[in-house]
Amino acid sequence: MSITLTDQDQLTLRLAAWGAVSLMSAAGVAGSAHKVATHGSLALTAATGPVGHVITKAPKGVKYGKTVAQLADQVLPALTTAMALLKRQAPAEADNFRRTVIVAIDAAARSQQGEPSPTMTEMARKITEALDAA
């Protein structure tokens with residue numbers, strides 16, 4: 001499979017994937033934000049295929065903002081953009097990216113004891129909605 005991603009495309013994919021984990025971490029702050037981020041990050045580093053080669057590394061030099069709302073303002077549109085560009089170039093990789101992000105947010109949500117909090121559940125819904133908006 002041939003896929004050509006510009007540096008900006010790669011940054012968008014990284015921002016989207018790692019930002020989704022950051023959103024879950026922010027939503028899980030009542031428990032252990034560190035555990036949430038660790039579990040989600042480990043899931044991202046286990047990604048395979050062309051997408052895996054891109055998102056294995058976290059984005060460098062990205063300023064996410066000071067609030068969860070500012071983070072979401074960047075990450076949710078990046079998720080939609082990432083899915084749209086992958087659907088155009090390599091539909092199988094779009095599916096791979098979506099599944100990878102879903103696994104990462106599921107891993108992040110399960111890092112808490114018991115059921116995920118309502119806040120984490122709602123953040124996971126927003127992330128999934130952004131992935132599916134493309």
Side-chain angles (χ1 to χ4, degrees):
M1 170 187 328
S2 179
I3 181 170
T4 304
L5 297 171
T6 66
D7 289 344
Q8 183 60 48
D9 293 342
Q10 291 180 37
L11 179 61
T12 299
L13 266 63
R14 289 181 181 128
L15 172 67
W18 288 89
V21 170
S22 295
L23 284 172
M24 291 300 290
S25 180
V29 75
S32 172
H34 178 72
K35 268 188 182 178
V36 172
T38 299
H39 286 242
S41 297
L42 289 172
L44 290 181
T45 61
T48 60
V51 161
H53 288 284
V54 173
I55 66 171
T56 295
K57 296 185 289 185
K60 300 285 186 216
V62 174
K63 303 291 185 217
Y64 286 119
K66 295 183 180 185
T67 67
V68 177
Q70 290 172 332
L71 174 62
D73 287 347
Q74 292 182 64
V75 173
L76 297 176
L79 287 161
T80 304
T81 300
M83 286 296 295
L85 76 90
L86 289 170
K87 281 181 179 181
R88 279 192 309 273
Q89 289 198 32
E93 281 308 298
D95 291 340
N96 183 22
F97 180 79
R98 185 184 186 287
R99 284 190 311 271
T100 299
V101 172
I102 295 297
V103 167
I105 64 174
D106 285 350
R110 291 191 179 130
S111 67
Q112 309 268 310
Q113 289 186 347
E115 294 292 315
S117 70
T119 308
M120 290 184 80
T121 300
E122 177 60 11
M123 189 61 74
R125 185 198 64 75
K126 289 176 182 179
I127 291 166
T128 303
E129 190 175 84
L131 287 167
D132 294 341

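- Rounding to the nearest 0.5 angstrom, the gap separating the CG atom in Leu42 from the NE2 atom in His39 is 7.5 Å.
- The existence of a salt bridge linking Lys126 and Glu129 is excluded, since no basic side-chain nitrogen approaches an acidic carboxylate oxygen closer than 4.0 Å.
- The two residues Ala107 and Ala43 make their nearest non-hydrogen contact at CB-CB, 4.2 Å.
- Here the side chain of Asn96 pairs no donor or acceptor atom with the backbone of Glu93 at under 3.5 angstrom.
- Summarising the geometry, atom CG belonging to Asp106 is positioned 10.0 Å from atom CE belonging to Met120; distances are rounded to the nearest 0.5 Å.
- Judged purely by atom type and a 3.5 angstrom limit, Gln74 uses its side chain to pair as donor or acceptor with the backbone of Lys63.
- Contact check for Lys35 versus Thr38: no side-chain heavy atoms found under the 4.5 Å cut-off.
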Steps toward side-chain contact (heavy atoms from CB on, under 4.5 Å) verdict (Leu76, Leu23): CA-CA 9 Å; Leu76 297 176; Leu23 284 172; 4.0 Å; yes
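- Residues Met123 and Val103 fall into different hydrophobic clusters, defined by Ile, Leu, Val, Met, Phe, Trp and Tyr side chains chained together at heavy-atom separations under 4.5 Å.
- Residues Val51 and Ile3 form no side-chain contact, since every pair of their non-hydrogen atoms from C-beta on lies 4.5 Å or further apart.
- Formation of a donor-acceptor pair under 3.5 Å by the Thr80 side chain with backbone atoms of Ala134 is not found in this model.
- Note: Thr81 OG1 to Leu15 CG = 9.5 Å, rounded to the nearest 0.5 Å.
- In this structure, CG on Asp7 lies 10.5 Å from OG1 on Thr12, to the nearest 0.5 angstrom.
- The two atoms that bring Ala47 and Ile55 nearest to each other are CB-CD1, 3.9 Å, heavy atoms only.
- For Ala16 against Val75, the heavy-atom pair with the smallest separation is O-CG1, 3.8 Å.
- Nearest heavy-atom pair across Arg98 and Thr128 is NH2-CG2, 3.6 Å.
- Of all non-hydrogen atoms in Ala27 and Thr119, the two that sit nearest each other are O-CG2, 3.6 Å.
- Annotation: the span from Lys57 atom NZ to Thr45 atom OG1 amounts to 14.0 Å, rounded to 0.5 Å.
- In this structure, Ala108 and Met24 approach most closely via the heavy-atom pair CB-CB, 3.9 Å.
- A donor-acceptor contact shorter than 3.5 Å links the side chain of Ser25 to the backbone of Ala33.
- With a 4.5 Å cut-off on side-chain heavy atoms, Leu86 and Leu13 count as touching.
- With rounding to the nearest 0.5 Å, the separation of CG in Leu85 from CD in Gln89 is 6.5 Å.
- In the model, Thr6 has a side-chain atom that pairs as donor or acceptor with a side-chain atom of Asp9 under 3.5 Å.
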